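Below: the structure, in structure tokens.
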Amino acid sequence: MATQMHAATVAQSQAEVNYLNHARGLKSWLLTLDHKRIGLLYLISIALFFVVGGILALLVRLELFEPGQTIMSAETYNHVFTLHGAIMIFLFLIPAAPAVLGNFALPIMIGARDVAFPRLNLASWYIFWLGAITMLVGIVTSGLDTGWTFYTPYSTMTGSGVTWVVLGVFILGFSSILTGLNFIVTIHKMRAPGMTWSRLPLFVWGLYATSIVQILATPVLGITLLLLALERILKIGIFDPALGGDPVLFQHFFWFYSHPAVYIMILPGFGIISELIGTFSRKGIFGYKFVALSSVAIAFLGFLVWGHHMFVSGQSATASTVFSLLTFLIGVPTGVKVLNWVASLYRGSIWLRSPLLYALMFLFVFPIGGFTGIALGTLGLDVPLHDTYFVVAHFHYVMVGGMFLSFLGGLHYWWPKMFGRLYNEKLAQLAALLIFVGFNVTFFPQFILGTQGMPRRYFDYVPEFTTLHQISTVGSWILGVGLLLVAGYLLHSLFKGQKAPANPWGAGTLEWTHTGRIPSPHNFDRIPVVTRGPYDYHLAEEIFGNGRGEGNGVVVQPSGQAQQSHSTT
């Protein structure tokens with residue numbers, strides 16, 4: 001009897017070993033090669049920068065609450081909105097989904113024990129911090145007032161810390177490239193037996209397309225910013241017309257990267273939305289192949305539309321017309337995705353949990369960003385709307401409404417697998433509502449401001465715009481409260497949250513069906529053999545549960561026969 005009890009204790013102890021507790025101490029985290037731990041290191045990092053960028057955004061909106069100076073001078077305002085943009089773009093939006101959720105979930109979703117190059121993965125995180133610190137040195141010592149686009153010739157002349165910041169972004173580019181390279185090799189070489197390309201989860205397809213863009217586009221930005229830094233230091237005439245350079249050349253180089261960079265932020269978000277809709281409608285993704293291949297199509301078409309940012313830069317009418325047509329064309333694969341997601345929800349067994357709420361919010365908000373993007377891609381509309389608040393609203397509907405909402409949905413979806421804890425679902429739904437209301441109250445009035453001629457980046461405005469600016473500012477407060485609530489219940493769940501079952505959502509991808517409550521250091525005891533697609537919910541309710549969390553602890557034998565284990569709660 002005693003022997004049996006001892007054996008049971010040992011077995012339980014061994015069963016509880018997971019990637020969070022198998023090694024302890026700060027050193028074990030700073031030197032870890034585990035993709036899951038590196039994903040969490042990125043999560044902590046970008047969360048810190050998001051808080052800073054978010055506070056700066058609230059300060060910008062507070063300054064614009066009334067005409068004239070409210071809480072800061074015009075010069076300070078230039079620095080604050082520039083820092084908000086630079087921090088949010090380079091230190092949050094670009095790395096968030098691939099580096100956090102991709103690092104954590106991708107290897108498990110394809111049945112691998114880790115990424116192809118674990119040491120390179122850890123190096124990417126250190127390079128990310130090296131770039132971030134370099135940026136911060138420039139910001140703290142000299143500020144930054146160029147806008148996040150660093151447009152020349154002003155950026156070649158200003159005395160702010162442009163050189164340090166562009167050097168920091170240059171370094172950050174290496175982190176992005178190495179992550180993309182790692183993911184592509186991992187997807188090509190480390191898929192589990194039976195994990196064919198047609199069985200890849202759509203989040204993996206999104207990361208694959210993202211990685212292509214990261215590898216091909218990021219070097220162009222790196223070289224551009226290096227040239228800008230050299231021009232400032234050595235006075236070489238590249239972009240500054242006073243030195244014989246061409247400032248429009250900078251715009252060509254910058255947008256050749258920065259428009260594809262939009263898809264670095266959005267494509268993983270598309271993949272997340274597919275996972276959420278598949279899981280919470282308990283239905284296969286309608287037109288799976290079209291949704292998967294449309295990610296790759298968007299990645300390549302994204303390289304052909306940079307000129308629509310330059311309709312008023314003096315480029316030829318022929319070039320503007322071609323870029324306008326290509327901009328319309330990229331709307332096709334994006335539309336394919338949205339229509340297929342809606343078709344997937346149709347007659348699905350909808351389980352309205354907080355991750356799906358974020359997906360539904362995405363389906364409402366992102367198309368508004370997409371349609372207004374088509375409007376801005378139209379030559380006759382872009383000219384009067386260029387550099388107005390219409391562009392600000394469009395940008396935030398795409399970036400915040402698209403990427404950030406999908407990231408929040410993905411974070412809520414994989415949170416129980418990351419930490420083995422459930423969060424308060426009622427608070428999560430309340431926070432989602434606040435974020436949805438706050439976001440739209442903040443940014444929708446800016447469409448109207450833009451059509452009425454309110455220019456963007458301006459410190460002051462005529463009194464006629466006061467009401468809309470005040471509505472927008474109040475919306476930012478609601479949005480801030482919603483995000484504070486998210487941070488509160490997620491942090492609370494880490495210490496007081498109910499233990500999560502292995503598969504609380506009844507999902508069908510490997511990270512849910514083939515790992516314990518919290519994954520082990522090497523993900524799987526045995527590499528699984530994949531015999532089905534990721535969204536084959538029609539197979540058997542006894543495998544996945546009925547959508548109420550009963551499908552936890554599923555173990556699928558290499559033969560493909562499924563056994564239902566007991567709940568681990």
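If you read the sequence from its start, that first residue is 1, and numbering goes on from there. What you see is a predicted model, and the numbers here were worked out from it, not measured in a lab.
More than 12 heavy atoms of other residues, nucleotides or ligands sit less than 6.0 Å from atom OH of Tyr126. Summarising the local packing, OH of Tyr154 is surrounded by more than 12 heavy atoms from other residues, nucleotides or ligands at distances under 6.0 Å. Annotation: Gln69, atom CD; neighbour count of heavy atoms from other residues, nucleotides and ligands within 6.0 Å is above 12.
For Phe395, the side-chain contact (heavy atoms from CB on, under 4.5 Å) partners are Ile89, Trp148, Met399, not counting sequence neighbours. Taking Phe174 as the reference, Ile127, Phe170 meet the side-chain contact (heavy atoms from CB on, under 4.5 Å) condition, with sequence neighbours excluded. Judged as a salt bridge (Lys or Arg N to Asp or Glu O under 4.0 Å), and not counting sequence neighbours, Arg191 has no contacts. Partners of Met190 according to the side-chain contact (heavy atoms from CB on, under 4.5 Å) rule, which considers only residues two or more places apart in sequence or in another chain, are Ala112, Ala116, Thr186. Every residue meeting the side-chain contact (heavy atoms from CB on, under 4.5 Å) condition with Val336, not counting sequence neighbours, appears here in chain and number order: Phe290, Asn340.
Aromatic pair Tyr358/His412: centroids less than 6.0 angstrom apart. Tyr208 has its ring centre no less than 6.0 Å from the ring centre of Phe183. Ring pair His386/Phe311: centre-to-centre distance not below 6.0 Å. Within the 6.0 Å centre-distance limit, the rings of Phe390 and Phe447 are counted as a close aromatic pair.
Residues Leu411 and Leu101 approach most closely at N-CD1, 4.1 Å, considering heavy atoms. Counting all heavy atoms, side chain and backbone alike, Leu381 lies closest to Pro384 at O-CD, 3.2 Å. Looking at every heavy atom in both residues, Val441 comes nearest to Gly475 through CG1-CA, 3.5 Å. Nearest heavy-atom pair, Ser476 versus Thr442, reported as atom, atom and distance to 0.1 Å: N-OG1, 2.8 Å.
In this pair, Phe92 and Phe50 present their aromatic rings tilted. The plane angle is within the 30 to 60° band. Between His188 and Trp197, the angle of the ring planes goes over 60°, which puts this pair in the perpendicular group of the 30/60° scheme. In this structure, Phe366 and Phe362 have parallel ring planes: the angle between them is below the 30° cut-off, well short of the 60° mark.
Residue pairs meeting the side-chain hydrogen bond (donor to acceptor under 3.5 Å, both in side chains) criterion with at least one partner in residues 30-39, sequence neighbours excluded, are Ser28-Arg37, Asp34-Lys36, His35-Asn523, Lys36-Asn523. Among residue pairs with one or both ends in residues 232-245, those qualifying as side-chain hydrogen bond (donor to acceptor under 3.5 Å, both in side chains) are Thr163-Arg232; sequence neighbours excluded. Within the structure, the salt bridge (charged side-chain N to carboxylate O under 4.0 Å, His left out) test picks out the following pairs touching residues 366-389 (sequence neighbours left out): Asp387-Arg456, Asp387-Arg457.
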- [ ] Begin from the C-alpha positions of Tyr397 and Asn440 and carry the test side chain to side chain donor-acceptor pair (under 3.5 Å) through to its verdict.
- [x] CA-CA 9 Å; Tyr397 264 80; Asn440 284 288; 2.7 Å; yes

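In summary, of the residues considered (Phe128, Phe49, Phe104), a ring pair (Phe, Tyr, Trp, His ring centres under 6.0 Å) with Tyr42 occurs for Phe128 alone.
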Using residues 259-272 as the side-chain source, report each donor-acceptor pair under 3.5 Å to any protein atom, sequence neighbours left out, with the distance given to one decimal.
{"residue": "His259", "atom": "ND1", "partner": "His308", "partner atom": "NE2", "Å": "3.3"}
{"residue": "His259", "atom": "ND1", "partner": "His309", "partner atom": "NE2", "Å": "2.9"}
{"residue": "His259", "atom": "NE2", "partner": "Tyr263", "partner atom": "OH", "Å": "3.3"}

Cut-off 3.5 Å, no hydrogens considered: what does the side-chain donor-acceptor table look like for residues 132-143, sequence neighbours left out?
{"residue": "Thr134", "atom": "OG1", "partner": "Leu130", "partner atom": "O", "Å": "2.7"}
{"residue": "Thr141", "atom": "OG1", "partner": "Val137", "partner atom": "O", "Å": "2.6"}
{"residue": "Thr141", "atom": "OG1", "partner": "Gly138", "partner atom": "O", "Å": "3.4"}

Show me the donor-acceptor pairs, under 3.5 Å and distance only, between side chains in residues 368-380 and residues at least two apart or in other chains.
{"residue": "Thr372", "atom": "OG1", "partner": "Ile368", "partner atom": "O", "Å": "2.8"}
{"residue": "Thr372", "atom": "OG1", "partner": "Gly369", "partner atom": "O", "Å": "3.0"}
{"residue": "Thr372", "atom": "OG1", "partner": "His394", "partner atom": "ND1", "Å": "3.1"}
{"residue": "Thr378", "atom": "OG1", "partner": "Ile374", "partner atom": "O", "Å": "2.9"}

Exercise answer: donor-acceptor pairs, residues 241-257 side-chain atoms, under 3.5 Å, sequence neighbours excluded:
{"residue": "Asp246", "atom": "OD1", "partner": "Val248", "partner atom": "N", "Å": "3.0"}
{"residue": "His252", "atom": "ND1", "partner": "Trp306", "partner atom": "NE1", "Å": "3.1"}
{"residue": "Trp255", "atom": "NE1", "partner": "Tyr151", "partner atom": "OH", "Å": "2.7"}

